[in-house]
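Quick note: residue numbers are just sequence positions, from 1.
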Amino acid sequence: MDPFDGSSSLRHDEDSWCPWARFSSWLECVCVVTFDLELGQAIELVYPQDVKLTEKEVRGHMVCYFPGCLGDTQFSFRLRQSVGRRTSRFTDDVYNRDAPLKTSHFFGFVYFRQVKDISVKRGYFQKSLVLVSRLPYTHLFHSLLQIIAPEFFEKQEPCLEAVCNEIDQWASPVPGLTLNLPLMGAVLQVSLQNWVKDQTPTVLPTIHELDLFKCFQSVLIHLQMLWELMLLGEPVVVMAPSPTVSSEIVLALVSSISPLKFCCDFRPYFTIHDSEFREYTTRTQAPPNVVLGVTNPFFIKTFQTWPHIVRLGEIKMAGDLPKQVKVKKLSKLKTLDTKPGIYTAYKTFLHKDKILIKRLLKGFQRKRPSEVQSAILRRHLLELTQSFIIPLERYMASLMPLQRSVTPWKTPPQIRPFSQEEFMSTLDHTGPQLTSMLKGDWMGLYRKFFRSPNFNGWYRQRNKEMTQKLESLHLEVICDADLLGWAKDKSEVEIVDLILKLREKLVRNKLFFLFLFLFFFRKKSE
């Protein structure tokens, strides 16, 4: 089978029954990548076998599957889908309606094994098992790999086929539900809140979450700065010692502004072979709004013009808390042996939360479990983001027309435009100071946020939701209206004009026949 086929990944016509529909709601495919002496990295297997990945999608990231680490290594990456690819069947299901996805990218979750093997010419066994999905379930998919990969490396393809068939029996992922997912003799109980193995009582973090304290332990005193950089969608490069650290740090940074959606691009593990390498490293224009995780020292020279570079050492949880990295001038980022630090000229708008830092450091000294430390950290970041967003949500709600102004005989009133100055004038009485103790230049932070992709994404989504709500209210008013009574003293031209407008509106909202049913049902009951 040739896995490099530019045709659509949709395995069957949309109107026909698809035998891999349930599998596709979780995974796009499973790939096995091996090292060939003549070809280098080579696709050994793609399952299900009728999945079609384009050469650009696979070859551009094939080097990601071989980080060159001895032993077993797990990490994540993210890649852009090829232009023209049709989305899979699951993107129209309940999951996507309740938790909209950015389906222009794939997530890759890798389990790489490299061990000495004298039976191989090169002297090493090198192979990667890769789960490709549109779902950002980092914790879940890495946990699945920990179950599947050891068995796969022993039994090879039959094991993989059995696993895929099991996944094809799973119910579709729907936010709010708890699902029991059978896999290789175990049953995983999964929800958007937490998931546990039924064989153990240990409750693990949610299927999205990472160990935030582990990720941020060497930059705790600069957490406020990193949160602001993510909030503002600033270009950031994370230089890490391994793909595992790189991918974990990038994903942790992106999640730090939750529940606000991160609307910029991010690459947990980025290499010089990435298809967007030239696009992201050109010096003829300003760096793009993207967070890149890299391990190659070559990037130190390549990204010297970027405004924010986070250089980290290996993450270790044993022993003393690692020395906190310092903020350094970008001019010092010149040599390949650059020491760990945050290289930036950025000045934070808000002051550090010294109480949080002391609490976390004291917890570490008292050997508080990392899961508890992460929960404290995540709660702090959540409350900080909510304190920032609540005033925006409150002001946005004030732009909505009053319900009594919506009548069946007129076009619904428009949502008032967002005025930055008007919003800023509300902060004295309804600003973040009501819910946050942090001091600083909140207004300056908002002004810069207004110029960021994250504000643009947030505003578009809220405006869309409000427009839909307005349309829904208008339809309700139309359905409740006494059209016959209104038409008694109206001219034929006015009546025809109203009917044409109603027909256009209702057909556009796919409710025309429902409206007719309600109208004639009411007339009959009278």
Side-chain angles (χ1 to χ4, degrees), residues 78 91 95-105 134-136 175 192 208-209 223-236 250-267 288-291 308 346 348-350 378-401 414-427 430-436 438 440-472:
R78 186 171 181 261
T91 56
Y95 179 89
N96 196 47
R97 290 199 302 272
D98 292 347
L101 294 174
K102 189 174 182 179
T103 56
S104 59
H105 290 75
R134 290 180 171 86
L135 301 175
L192 292 182
H208 301 87
E209 292 173 357
L223 193 63
Q224 183 62 45
M225 174 188 287
L226 296 175
W227 176 82
E228 288 187 19
L229 293 178
M230 293 303 103
L231 181 73
L232 301 175
E234 288 285 309
V236 176
V250 170
L251 292 172
L253 285 172
V254 169
S255 70
S256 68
I257 62 170
S258 178
L260 181 66
K261 183 179 179 181
F262 187 79
C263 297
C264 307
D265 195 3
F266 61 96
R267 302 302 172 90
N289 300 97
V290 60
V291 181
H308 318 291
Y346 182 83
T348 59
F349 289 91
L350 306 181
R378 182 168 286 106
R379 183 177 182 85
H380 166 78
L381 292 169
L382 172 65
E383 292 176 349
L384 181 58
T385 304
Q386 287 179 329
S387 293
F388 183 83
I389 291 297
I390 287 173
L392 287 164
E393 297 280 5
R394 186 183 293 117
Y395 173 72
M396 195 70 185
S398 72
L399 304 180
M400 185 75 167
Q414 297 294 307
I415 297 170
R416 289 197 301 118
F418 190 103
S419 169
Q420 294 183 17
E421 293 306 317
E422 185 181 27
F423 165 75
M424 299 297 276
S425 68
T426 68
L427 294 180
T430 59
Q433 71 276 6
L434 296 181
T435 53
S436 175
L438 282 187
D441 184 9
W442 285 97
M443 286 193 175
L445 185 59
Y446 278 115
R447 290 190 188 281
K448 192 157 187 178
F449 177 69
F450 290 144
R451 301 193 296 270
S452 74
N454 288 332
F455 170 72
N456 187 50
W458 172 84
Y459 175 74
R460 286 177 179 272
Q461 180 63 27
R462 289 294 178 268
N463 189 266
K464 179 182 176 182
E465 292 170 357
M466 291 169 64
T467 300
Q468 291 173 342
K469 176 64 175 177
L470 204 55
E471 286 285 324
S472 177

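The side-chain heavy atoms of Tyr446 and Pro432, taken from C-beta on, include a pair separated by under 4.5 Å. Within the 4.5 Å cutoff, the side chain of Leu399 has no heavy atoms near those of the Pro417 side chain. Side-chain contact between Thr348 and Leu445 is absent, with no heavy-atom pair separated by less than 4.5 Å. Taking the side chain as every heavy atom from C-beta outward, Leu470 and Pro401 approach each other to under 4.5 Å. By the 4.5 Å heavy-atom criterion applied to side chains, Trp442 and Leu427 are not counted as neighbours.
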I'd like to know whether Tyr395 forms a side chain to side chain contact (heavy atoms under 4.5 Å, CB included) with Phe418, so could you lay out the CA-CA distance, the side-chain angles of the two residues, the decisive distance to 0.1 Å, and finally the verdict.
CA-CA 9 Å; Tyr395 173 72; Phe418 190 103; 3.5 Å; yes
Met396 vs Phe423, test: side chain to side chain contact (heavy atoms under 4.5 Å, CB included). Steps then yes/no.
CA-CA 9 Å; Met396 195 70 185; Phe423 165 75; over 6 Å; no
Mind running side chain to side chain contact (heavy atoms under 4.5 Å, CB included) on Met225 and Leu223 for me, showing each step along the way?
CA-CA 5 Å; Met225 174 188 287; Leu223 193 63; over 6 Å; no
Steps toward side chain to side chain contact (heavy atoms under 4.5 Å, CB included) verdict (Asn454, Cys263):
CA-CA 5 Å; Asn454 288 332; Cys263 297; 3.6 Å; yes
Sequence neighbours left out, cut at 3.5 Å: what donor-acceptor pairs do the side chains of residues 384-392 make with other protein atoms?
from   : atom 1 : to     : atom 2 : distance (Å)
Thr385 : OG1    : Trp227 : NE1    : 3.0
Thr385 : OG1    : Leu381 : O      : 2.9
Ser387 : OG     : Glu383 : O      : 2.9
Ser387 : OG     : Thr435 : OG1    : 2.9

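Minimum interatomic distance between Met466 and Met400 (heavy atoms only, all atoms of both residues): O-CE, 3.6 Å. Of all the heavy atoms in Leu438 and Gln224, the pair that sits closest is CD1-OE1, 3.4 Å. Residues Ser256 and Met230 approach most closely at OG-CG, 3.8 Å, considering heavy atoms. Scanning all heavy atoms of the two residues, the minimum distance from Arg134 to His105 falls at CG-O, 4.1 Å. Contact record, Pro259 with Leu382: CD-CD1, 3.4 Å, taken as the closest heavy-atom pair. When all heavy atoms are compared, the tightest approach of Glu228 to Phe349 is OE1-N, 3.0 Å.
Note that the CG atom of Leu231 and the CG atom of Leu260 stand 6.5 Å from one another [nearest 0.5 Å]. Expressed to the nearest 0.5 Å, how far CD1 of Ile257 lies from CZ of Phe262 amounts to 6.0 Å. Here CZ of Arg378 is found 8.5 Å from OG of Ser258. Values are rounded to the nearest 0.5 Å. Residue Lys448 holds its NZ atom at 4.5 Å from CD of Glu234, rounded to the nearest 0.5 Å. Expressed to the nearest 0.5 Å, how far CG of Leu226 lies from NE2 of His308 amounts to 10.5 Å.
Counting non-hydrogen atoms of neighbouring residues, nucleotides and ligands closer than 6.0 angstrom, the CZ atom of Arg416 exceeds 12 such neighbours.
A donor-acceptor pair under 3.5 Å is formed between the side chain of Asn289 and the backbone N or O of Gly233.
Under the salt bridge (charged side-chain N to carboxylate O under 4.0 Å, His left out) criterion, the residue pairs touching residues 392-401 are Glu393-Arg462, with sequence neighbours excluded.
With Phe266 as reference, Val254 is the one residue of Val254, Val236, Leu253 to meet the side chain to side chain contact (heavy atoms under 4.5 Å, CB included) rule.
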